[in-house]
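In what follows, every chain begins at residue 1, and chains take the letters A, B, ... in the order their sequences are listed.
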There are 2 protein chains.
Amino acid sequence: MRTIEWKDGTVTLIDQTKLPNETVWIKIADYKIMASAIKEMKLRGAPLIGVAAAYGLALTAFSSKAETREQLLKELEESAAVLRKTRPTAVNLFWAIDRLLNKAQKTGGSKDALAEAVVNEAQKMAEEDVETNRRMGKHGATLIEDGDVVLTHCNAGSLATVDYGTALGVIRGAIEEGKDVKVIACETRPRLQGAKLTCYELMRDGIPVTLISDTMVGYVMSRGMVDKVVVGADRILRDAVLNKIGTYNVAVLAFEHGIPFYVAAPMSTLDQSHTSEDAVIEERSPNEVTNVGCERIAPEGVKVLNPAFDITPLEYVDAVITEDGILVPEVGLKQKRKD
Amino acid sequence: MRTIEWKDGTVTLIDQTKLPNETVWIKIADYKIMASAIKEMKLRGAPLIGVAAAYGLALTAFSSKAETREQLLKELEESAAVLRKTRPTAVNLFWAIDRLLNKAQKTGGSKDALAEAVVNEAQKMAEEDVETNRRMGKHGATLIEDGDVVLTHCNAGSLATVDYGTALGVIRGAIEEGKDVKVIACETRPRLQGAKLTCYELMRDGIPVTLISDTMVGYVMSRGMVDKVVVGADRILRDAVLNKIGTYNVAVLAFEHGIPFYVAAPMSTLDQSHTSEDAVIEERSPNEVTNVGCERIAPEGVKVLNPAFDITPLEYVDAVITEDGILVPEVGLKQKRKD
């Protein structure tokens, strides 16, 4: 089931803030609404954010009343500036916007030809995302053995992509090969994407999943209940992986227990021109920590930290699974103490 | 402010399930209601559970219509059996019940003299708890430096004891010596005692506290924002510390970052006759994970793990702070890698 689709100038997507209690599809015909949806995390996940931003530009192109090619290019630049400001960490957002603007600039002909090219390119990116994830799943499946229990953090599934998923795509790939794979999903506070989204999509597909609180990661590892860890990534720097807050906890705990730690992400997530020193960590609203839906869980006025991402040095990463194959970080692996 | 008090055959205590939104005091005059309150975690924290169980037996003694000493002893045994079944992990529960029954058996004289002795012993245990925590705080304060930021997990504060607290007693002890100490509180899923209780009591006392989700522990440590970790304990075995789920995550992360990890607990928490192989980990209701108050956070029917405690091997513990002084685990410390 696709998370996002384009039809005749309207983008339809699942409002992920309503999951798992309600499956609500929203229709978006304006790039500003798309930008708000990204910012408010009605959709999230690095690959999906990229495609959604591309569709945002496609909406501008489709509905434009510009009379010239130059006017439309200017409108696209303006839309891009708004879309770029939605989430600072996911590199796919910038990658997707740059790719589409680049395509637009290179497309000759009339305003209409340009608009059509932009829409087509956005649709192509959506198709490519699914294809990329399936290839990633095939490569990643070679690392997963029959009978494995795989722990994952956050949601790097079909709900983080157009379809199939990155980390969960690896699990789907292994299952398609006939392997018996079970999943342990960390709930992933503060926004609970593991509890809400990963459990939802795995249960929908009949893949066995057990939910734990983030506090239980060490416990399940120490009891020998975890064979592998597979997570997604928002940005892979020269020296580290940026991913959902809590990924670093899981990586250190996996290392301490000698459990392989894999990152599954498309090549577009690789940002080899920067290191963790340049990383911008999005600090989100304290309300995400102090409130869970209708429930207030902390005293009024309490001081809160809410970094949305953390930094996992590549020393903790055994392999990066991409659509082009499996990369082993050049920095070399730390010796797994308990191997 | 005392968390629990005895007056004329009635025990008054804060209903901790209502904090931080409401401060509700409940009055208990029957040991069965006390057993339910412990089981439902209206009060929690190993030392407080011990005192509450002692008061439960005191309620039986105070309200008994027994005509003989032997009848009352039998009633006390029956009450003890019910109280023992409330929470399996906290050793203080069993220690307190045994101490009171022992006192009862050794007390001669009439039924009334026995009842009075039981009530007096329970009150003495409550006084001792406060005194114990203050001594623990003094010893522990020597490990805390001026300007330290101390990370703590769950609530080992005045709300986990009769007053003053164990881990938070160490922080209070350091502050009473004039040291500037700030606290980072892990929210402590699933029951959120860090968010709800630790933040509440520290803010009430004007001690600076910052709340984080459990996923952020590695992040704050990697940024150099944590100088020490101090947690409580439910049971200290020959080889490991049993404490609130998530303690082990924090211990491994502290070890990885070369941050001292201290456990503050009364001598009554020491259980040197058992090792972690004998440990019983209480598995609580899945609802604690899938629901946060009124809010459902996971799909209906999802499989859940909910161990209430985890096991931290003593190799990760730099020191155990007790009322009698600071113990350094005999197993020796792991070499802190980043020292």
Point to revise | Check against side-chain hydrogen bond (donor to acceptor under 3.5 Å, both in side chains), A:Tyr248 and B:Glu256 | key: CA-CA 12 Å; A:Tyr248 175 57; B:Glu256 189 70 0; 6.0 Å; no

Revision key, fill the gap. Ranking A:Ile297, A:Ile212, A:Leu192, A:Val289 by heavy-atom pairs under 4.5 Å to chain B gives rank one to A:Ile297

Practice item. Heavy atoms only, distances under 4.5 angstrom: which of A:Asn306, A:Val302, A:Thr312 has the most pairs with chain B? Name it, please. Key: A:Val302

Exercise for review: With rounding to the nearest 0.5 Å, note down the distance linking CG in A:Leu305 to CE in B:Met225.
Suggested key: 4.5 Å

Practice item. Under the side-chain contact (heavy atoms from CB on, under 4.5 Å) rule, what do A:Arg223 and B:Ile311 come out as? Steps first, then yes or no, please. Key: CA-CA 10 Å; A:Arg223 298 250 153 164; B:Ile311 296 169; 3.6 Å; yes

Check your understanding: So, do B:Asp310 and A:Met216 sit near enough that their side-chain heavy atoms are less than 4.5 Å apart?
Key -> no

So which part of [X] gets closer than 4.5 Å to some heavy atom of chain A, the side chain, the backbone, both or neither?
X        : value
B:Pro299 : both
B:Asn21  : side chain
B:Val220 : side chain
B:Leu197 : neither

Measure distances from [X] to the heavy atoms of chain B and classify the residue's part below 4.5 Å as side chain, backbone, both or neither.
X        : result
A:Met203 : side chain
A:Glu300 : backbone
A:Leu202 : neither

Review point. Has B:Lys303 got more than 12 heavy atoms of other residues, nucleotides or ligands less than 6.0 Å from its NZ?
Key: no

